[in-house]
Amino acid sequence: MLADSYGRVATDLRVSLTDRCNLRCTYCMPPEGLEWLPKPELLTDDELLRLIRIGVDLLGITEVRFTGGEPLLRRGLPGIIAGTTELSTRPRTALTTNGIGLARMAPALAEAGLDRVNVSLDTLRPDVFETLARRRRLSDVLDGLAGAADAGLTPVKVNAVLMRGVNDGEATDLLHYCLERGYELRFIEQMPLDAQHGWRRDTMITAEEILAGLRAEFVLEEADAGTRGSAPAELFHVRGVRFPNGEQATVGVIGSVTRPFCGACDRVRLTADGQVRNCLFAREESDLRSLLRGGATDEEIARRWSEAVAVKLPGHGINDPSFLQPSRPMSAIGG
Ligand code: SAM
Ligand code: SF4
């Protein structure tokens with residue numbers, strides 16, 4: 001088990017497949033991109049699959065989420081998914097993606113055994129998309145969402161980050177769009193994880209503001225009282241609205257900054273270059289790649305991994321005066 005000293009157990013592994021991306025979302029990357037990890041430092045598909053197997057077979061991982069950077073840019077993605085879902089104790093699998101290329105790839109990903117996707121969509125307006133993501137790709141993202149639903153990668157979830165003065169007026173439009181198509185929308189508070197260190201507490205849109213904006217048009221009723229468990233999103237039923245499949249419609253709000261859920265966290269992260277991080281905001285990493293490449297046994301790797309999780313701090317500390325942003329940006333950690 002991957003237990004820490006506060007009684008939490010990590011069962012949800014977030015694997016970053018690449019730090020590269022074909023968008024440049026302002027809350028994540030600078031316009032010129034970043035210095036990408038050199039290829040020799042990246043885990044190969046086989047190395048990655050060995051670590052996932054150790055996580056699942058020896059350490060109790062039950063859910064594997066592939067992310068990045070943009071995970072659809074990783075050439076071996078279908079093989080990595082297939083290798084994961086063929087493990088004797090099959091973990092649940094999910095993918096967090098910006099959706100570009102998903103329309104084309106969704107059938108192959110479903111065939112490889114992927115269970116579901118989260119697609120990031122912050123706006124429905126092409127001009128705002130270009131301001132926010134610095135690329136003209138909105139229609140590709142919308143096609144990707146539809147392709148994922150058609151391929152059965154459901155429930156399709158949508159992640160949205162609201163930025164003041166940019167897309168914060170679109171919360172209800174995004175919700176209408178998702179409700180009509182059966183996508184489960186989740187708003188995420190912007191976190192201090194951008195490479196440019198441009199996050200400011202006084203300009204971020206809070207969970208409370210998001211909910212107030214949605215309530216101007218919808219009646220939201222708490223949907224997860226007592227059942228939230230380790231889920232970061234507070235879930236709400238949208239009163240009187242059903243998804244096209246007849247199920248009660250929901251919307252979620254992830255108040256990472258103002259309503260932290262660290263006490264129930266069950267996540268652990270593996271970067272594309274083989275470093276274990278026990279938190280998005282961790283300032284230390286454990287180097288599994290050197291162990292792998294140095295000929296360590298599965299048990300030795302599992303031990304180092306457990307030690308990395310054991311020292312996890314109780315919370316992310318964003319709200320402490322002494323908070324320091326991690327040196328790796330979100331795109332290189334795996335969001
Ligand atoms: N490229 C993929 C995507 O955009 O979905 C996967 C990686 S991205 C880092 C994962 C998620 O993190 C996205 O939903 C994105 O909106 C979110 N994200 C990135 N930077 C963020 C920030 N500073 N605060 C909150 N969420 C952020
Ligand atoms: Fe790329 Fe995702 Fe970061 Fe946007 S949030 S720049 S899509 S990694």
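Residue indices begin at 1 and follow the sequence shown. In each ligand, atom 1 is the first atom listed, and ligand 1 is the first ligand listed. All figures in this text were calculated on a predicted structure; none of them were measured in a lab.
- Near N159, meaning under 4.0 Å from any of its heavy atoms, are these atoms of ligand 1: 14 (O).
- Results of the side chain to side chain donor-acceptor pair (under 3.5 Å) test with N98 over R137, E70, R135 single out E70 as the only residue that passes.
- Grouping Ile, Leu, Val, Met, Phe, Trp and Tyr by side-chain contacts under 4.5 Å, direct or through others, puts L34 with M29, W36.
- Between C28 and ligand 1, a contact under 3.5 Å exists for no N or O pair.
- Each of the atoms 6 (C), 7 (C) of ligand 1 lies under 4.0 Å from some heavy atom of T67.
- Nearest protein heavy-atom neighbour of atom 13 (C) of ligand 1: S120 OG, 3.2 Å.
- Nearest protein heavy-atom contact of atom 16 (O) of ligand 1 is Y27 OH, 3.2 Å.
- Each of the atoms 1 (N), 2 (C) of ligand 1 lies under 4.0 Å from some heavy atom of E70.
- Between R50 and D298 there is a salt bridge, since a side-chain N of the basic residue sits under 4.0 Å from a carboxylate O of the acidic one.
- The closest donor-acceptor contact from the side chain of R8 to the backbone of C262 lies under 3.5 Å.
- Between the side chain of R116 and the backbone N or O of L153 there is no donor-acceptor pair closer than 3.5 Å.
- The protein atom (non-hydrogen) at minimum distance from atom 26 (N) of ligand 1 is V161 CG2, 3.8 Å.
- The shortest contact between atom 6 (C) of ligand 1 and any protein heavy atom is with G69 O, 3.3 Å.
- Each of the following atoms of ligand 1 lies closer than 4.0 Å to a heavy atom of T97: 2 (C), 3 (C), 5 (O).
- When hydrogens are left out, the protein atom nearest atom 17 (C) of ligand 1 is M330 CE, 4.0 Å; that is the closest non-hydrogen contact.
- Backbone or side-chain N, O or S atoms of C21 reach atom 1 (Fe) of ligand 2 at under 2.8 Å.
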Q: Run the numbers on V257 and Q190 for side-chain contact (heavy atoms from CB on, under 4.5 Å), then give the verdict.
A: CA-CA 8 Å; V257 178; Q190 190 195 353; over 6 Å; no
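- Neither the backbone nor the side chain of D122 comes within 4.0 Å of ligand 1, counting heavy atoms alone.
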(Q) Working note: R65 + R267, criterion side-chain contact (heavy atoms from CB on, under 4.5 Å); need CA distance, chi angles, decisive distance, verdict. (A) CA-CA 10 Å; R65 171 174 297 275; R267 297 171 179 197; over 6 Å; no
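- In this structure, the side chain of R134 engages the main chain of R24 through a donor-acceptor pair within 3.5 Å.
- Contact annotation for T96 and ligand 1: heavy atoms of both the backbone and the side chain come within less than 4.0 Å of the ligand.
- Minimum interatomic distance between F236 and L220 (heavy atoms only, all atoms of both residues): CB-CB, 4.0 Å.
- Between W305 and L13 the shortest side-chain heavy-atom distance falls below 4.5 Å.
- Contact annotation: C25 places an N, O or S atom under 2.8 Å from atom 4 (Fe) of ligand 2.
- Atom CD of E184 is separated from atom CG of L235 by 7.0 Å, given to the nearest 0.5 angstrom.
- Summary of contacts: the protein heavy atom closest to atom 3 (Fe) of ligand 2 is C28 SG, 2.4 Å.
- Looking only at heavy atoms of the protein, atom 24 (N) of ligand 1 is closest to M191 N, 2.8 Å.
- Scanning the protein heavy atoms around atom 8 (S) of ligand 1, the nearest turns out to be G68 O, 4.4 Å.
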